[in-house]
Structures are given as C-alpha cells and as structure tokens.
> 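This is the structure I want to talk about, given as structure tokens.
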2 protein chains.
Amino acid sequence: MTTRRTGLREQKKQATRVALREAALRLALKDGPDNVRVDDIAEAAGVSPRTYNNYFSSREQAIVAAVTAERESRVATAVAARPAHVRLADALTEAILEQYTEPRDHDEVLLINASPTLRDAFLDAAAAIEHPLAAAIDQRLGDTGTPTARVLAASVAAAVRIALRQWLQPPAAPLATGGLVVPSGSLPDLLRSALAALAPALDAAEEQARQRLQQ
Amino acid sequence: MTTRRTGLREQKKQATRVALREAALRLALKDGPDNVRVDDIAEAAGVSPRTYNNYFSSREQAIVAAVTAERESRVATAVAARPAHVRLADALTEAILEQYTEPRDHDEVLLINASPTLRDAFLDAAAAIEHPLAAAIDQRLGDTGTPTARVLAASVAAAVRIALRQWLQPPAAPLATGGLVVPSGSLPDLLRSALAALAPALDAAEEQARQRLQQ
DNA sequence: AGCAAATATTGCGTGCACGCAAGTTTGCGT
DNA sequence: ACGCAAACTTGCGTGCACGCAATATTTGCT
C-alpha cells in the first residue's frame, strides 16, 4: 500500500507540487509573504497560473505546504505504528510530539507569523490531521457505527490547533488579567497540556472498546 | 450587560445586518443559492456592494446567518444559565439541544443542502460557538492558566459540527462497509451521541476544578 | 508501434474579497 | 447650538478562485 495509482503521471504531479511549494517558500522568504502573487509562484515553477489552483486552492496553501510538508498524514501513520497495548492517549500524544518536534527552521516560523492570513492558513492546515487520524483511531477502537472516533479525532486536531496558536502568539502585553501572566511555554509542553484535557475521553473510549471485545 | 456601545449607530448597523441577511435568504430561496450574486443582495438591502463585505466576509455567510440567526451566541448564554450544580456535560448537552431544536423551516434545510459551498459555510458557522463557549466553560471551571477550557470548547464545537454534517448528509448508497448501514438518525440523537464521547473529559475537568477549590 | 480512453494543462471569463482613500453620518463635549 | 472626532459608507483598483471548454499528454491495450 505505498503509491497507489499509475507511475509516470503521479510522479510528474508530485514533482510540480513540490516545485510549486518550494518556489512559493523561496519567494515568500525573499520578498515577504504579502509581496508574492500567485502568478509569480506559477511562473517560478514553470506552470500556468491556472494550474497553480489545480494544486492549491489558496495563495497561502503552497507556502504552508512547503513548511509542513506531509506532516499531517505522517501523524496518523505514526499512531498506527505504535503497538496496540499502548494507551491510546499516549500513542496520540507521542505521535504528535514526534511529528511536531522535527528540526525547525527559525526563519520559517517567523515567516508564518509575519502575516495573519498565513498564520491562519497554517493553523487550518493542521486540521488536515483529522481524517487520517479518525481512521487510525477507528482502527484501534474497532468502533464503526458510532461517531466516537471522528469526534475524538476532531478534538485532538482542535487541541493541536490551540497549542500551535498559543505557540505562535506574541507573549502579548501583560494586561492585568487578575492573575499572573503565563509565558507561552515550549511547543511540546503546550501540546502536552492541550492534549491532557482529552485523555479521559480517550481512555473511556478505549475502555468501552475493550469491554465490547470481551463480551 | 445588554447592548453595549452607543445607541442610534448600533441600531442602524443591526438593521442593515438584518436587512442583508433577509434579502440574501429571500433571493436564495427564490432563485436558488447559486444564482444569487452579492450585488443582488446588496441592492435588495439598499446598500452598496462594498458595504455587504463590511458585514459579511463571504457570499454565503449572509444566507447562513439568516438561518442560524444568533444561535451560536445563545448556546453560551444557555450554558451559563444552568445552575452550577448540574454536571457540566449535561449543561452543555441540554443547552445545545435546546438551541438546535427550534422550530425549523424545512425549506431552509433543503436550501442549505442544495449547494456544497453553502453547506460548508453552514458547518463553519457552527464553529462560532467555540469562543463564547470557552468563556462559559472557563467560568465554570475557574481554570485560567490552563488550555483546558479552550480545548473542551473547541471539542464540543467539533462534535456539533460532526453531528450536523451527518444530519445533512444524504443517507448515501449502502456500499457494503462490512457491517450494517446506520441510517442517520434525528438531529437530537446525533448531537447526543457525538457529545457523549466527550463526557468523560468534561467530567474529569470538573472534578479537577472541584478539588482545586477544596484544597 | 499505434490508437482510443483517461487525465492534466491552459486560457478565458466571471464573480468575489478586500485595502485604501475619499466622502458622509453620528456622537459628544463645550 | 456648534463643531470636532470617531465611526460608517462608498467607489475604485487589484489580485484571487474557479467553472468551462479546448488542447496536450499519458496510459493501457491490441
């Protein structure tokens, strides 16, 4: 189950997709994210502007794709790779940390934060883990016929999004919120604490699945 | 804390907002959702096309807004209205069911399903419960400094979105999924079962809050 | 090798979102 | 009552997303 579909065609498609997103990233770093028109990206990648939109449905998507590569799909794979006896909550947390702790280019993070539109696109891209993740969770729970797996996957995606948003946010002015100001910690910490809130739900779902199997 | 801000200005703004969304709905029902241009809506509401986009940031938003009115903000209010001794999970479920069980116009549901773009816009609109809900949950948990409330609110929003999507979906062809085909039930049932998956997480958060208060 | 079906690319046309810089209306202090 | 400042509306210009139909490329088959 590696590369479904035919050969040369798919190869070329992947090539242009990569060409597009790399061109997009290069131009964005050079001229600033707001000074890159999709026509520029298309030209730099050697395709027509119309073709750009056959691959990406917004100007920002290509830039974001260059930064996140295929992280989204790898998360689900990483979950599936964990042994079945590991607690679901742990499997998810570890898989996500694993994927979001790659060697990061500092310039790219700054780039993404430079434009609100880009930041939103980046956060939206994280939502792409939802469907693969739902499949992976469904696999573990063997729980077809109940929306549980889908809801949990969506919740995990939401938690990731929240952690990423917090991470990207400027510490903000400490406008007396009545309490102390929490300095937005490291990304792994943020992800951990966001996912922690969901652990009980994950445990419960897993327990239910176990009981269903036993009876 | 009813109508913050000044008087006549806000009144007029609300009036045009309502005029716009009602015009949008009326035209969409008359001509079909894909045959309504934003210029038409603006004209019907007596404002310039540019002004339309000061109120709604997409063509579909006005139509959706006409159908959902202010349901999104009312959900949070409904949660806050429940007595504090009610289980958080129950308060949320009841509040949501209460808001999504209004007398519904059948035509409007059909309308929304008529166009994929419109359906997506409708589901996106449901995400608007997230922020008010986060505030309401935060209130109950008194849990500032932890992303828990935000994560739970986002998860609830996601669950609602999933339930609504399922509800809107055509029963689909029964392509042997190995098991039996589940006929998408009534909206209340769908909402209940989607939210059920999150109950353990809500309970746990509540329990933690209680312990924090006692010590 | 050659051909037909499947699939990708491209140009064109349309409608849309939104920044910007006038012009207009409303609110408020004096 | 007056007038200034803040907030809202409008027109314009630009870039973008995407449906459609024509064209080009790849593939599998014989």
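Predicted model, so just to flag it, every value in this text is computed and none were measured. Below, chain A is the first sequence line, B the second, and so on; all start at residue 1.
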> Kindly give the atom pairs (protein nitrogen or oxygen, nucleotide nitrogen or oxygen) under 3.5 Å for nucleotides 21-25 of chain D.
{"residue": "dT25(D)", "atom": "O2", "partner": "Arg9(A)", "partner atom": "NH2", "Å": "3.4"}

> So Leu191(A) and Thr93(A), do their side chains get closer than 4.5 Å, heavy atoms only?
no
> For residues 131-141 of chain A, which side-chain donor-acceptor pairs fall under 3.5 Å, sequence neighbours excluded?
{"residue": "Arg140(A)", "atom": "NH1", "partner": "Val86(A)", "partner atom": "O", "Å": "3.1"}
{"residue": "Arg140(A)", "atom": "NH2", "partner": "Arg82(A)", "partner atom": "O", "Å": "3.0"}
{"residue": "Arg140(A)", "atom": "NH2", "partner": "Pro83(A)", "partner atom": "O", "Å": "3.2"}

> Give the nucleotide from the list dA17(D), dT9(C), dT9(D) with an atom nearest to the side chain of Tyr55(A).
dT9(C)
> Work out which heavy atom in Glu130(B) is nearest to a heavy atom in Ala153(B); give both atom names and the distance.
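Closest approach of Glu130(B) to Ala153(B), heavy atoms only: O-CB, 3.6 Å.
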> Taking only residues two or more places apart in sequence, or in another chain, which ones meet Ala128(A) in a side-chain contact (heavy atoms from CB on, under 4.5 Å)?
Glu72(A)
> Between the opening five pairs and the closing five pairs of the helix from dA1(C)-dT30(D) to dT30(C)-dA1(D), how far apart are the helix axes, to 10°?
30°
> Taking the basic N atoms (NZ, or NE/NH1/NH2) and the acidic carboxylate oxygens, is any pair closer than 4.0 Å for Glu70(A) and Arg17(A)?
no
> Got a sec, which residues hit side chain to side chain donor-acceptor pair (under 3.5 Å) with Glu22(B), two or more places apart in sequence or on another chain?
none
> Return the value, rounded to whole Å, for the distance between atom CZ of Arg59(B) and atom C1' of dG19(D).
13 Å
> Tell me, please, which residues at least two apart from Arg74(B) pass side chain to side chain donor-acceptor pair (under 3.5 Å).
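Applying side chain to side chain donor-acceptor pair (under 3.5 Å) to Arg74(B) gives Gln99(B), Glu102(B).
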> Going by ring pair (Phe, Tyr, Trp, His ring centres under 6.0 Å), name the pairs with one or both residues in residues 90-126 of chain B, residues two or more places apart or in two chains.
none
> Can you tell me which residue pairs pass the ring pair (Phe, Tyr, Trp, His ring centres under 6.0 Å) test with a partner in residues 19-73 of chain A, sequence neighbours excluded?
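Every ring pair (Phe, Tyr, Trp, His ring centres under 6.0 Å) pair that includes a residue of residues 19-73 of chain A, provided the two are not neighbours, is Tyr52(A)-Phe56(A).
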> Of the residues in residues 13-20 of chain A, which ones touch DNA chain D at a heavy-atom distance under 4.0 Å?
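Listed by number, there are none.
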> In whole angstrom, give the distance that lies between atom CG of Asn53(A) and atom C1' of dT14(C).
14 Å
> Could you state the atom-to-atom distance from CG of Asn54(A) to C1' of dC18(D) in whole Å?
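It works out to 9 Å between those atoms.
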> Minimum heavy-atom separation for Ala95(A) and Val79(A), please, with both atom names.
CB-CG2, 3.5 Å
> Within residues 24-52 of chain B, find the residues that approach DNA chain D with a heavy atom at under 4.0 Å, and present them sorted by residue number.
Val47(B), Ser48(B), Arg50(B), Thr51(B)
> Between Leu111(A), Val64(A), Leu20(A), Asp105(A), which is the residue that forms a side-chain contact (heavy atoms from CB on, under 4.5 Å) with Leu25(A)?
Leu111(A)
> Let me have the donor-acceptor pairs involving side chains of residues 26-45 of chain A, under 3.5 Å, with sequence neighbours excluded, atom names and distances please.
{"residue": "Asn35(A)", "atom": "ND2", "partner": "Asp31(A)", "partner atom": "O", "Å": "2.8"}
{"residue": "Asp40(A)", "atom": "OD2", "partner": "Arg37(A)", "partner atom": "N", "Å": "3.1"}

> Tell me: CD of Glu10(B) to C1' of dA6(D), nearest whole Å?
14 Å
> May I have the distance from Gln11(A) (atom CD) to dT7(C) (atom C1'), rounded to whole angstrom?
16 Å
> With sequence neighbours left out, write down each residue that passes side chain to side chain donor-acceptor pair (under 3.5 Å) with Ser58(B), or none if nothing qualifies.
Glu60(B)
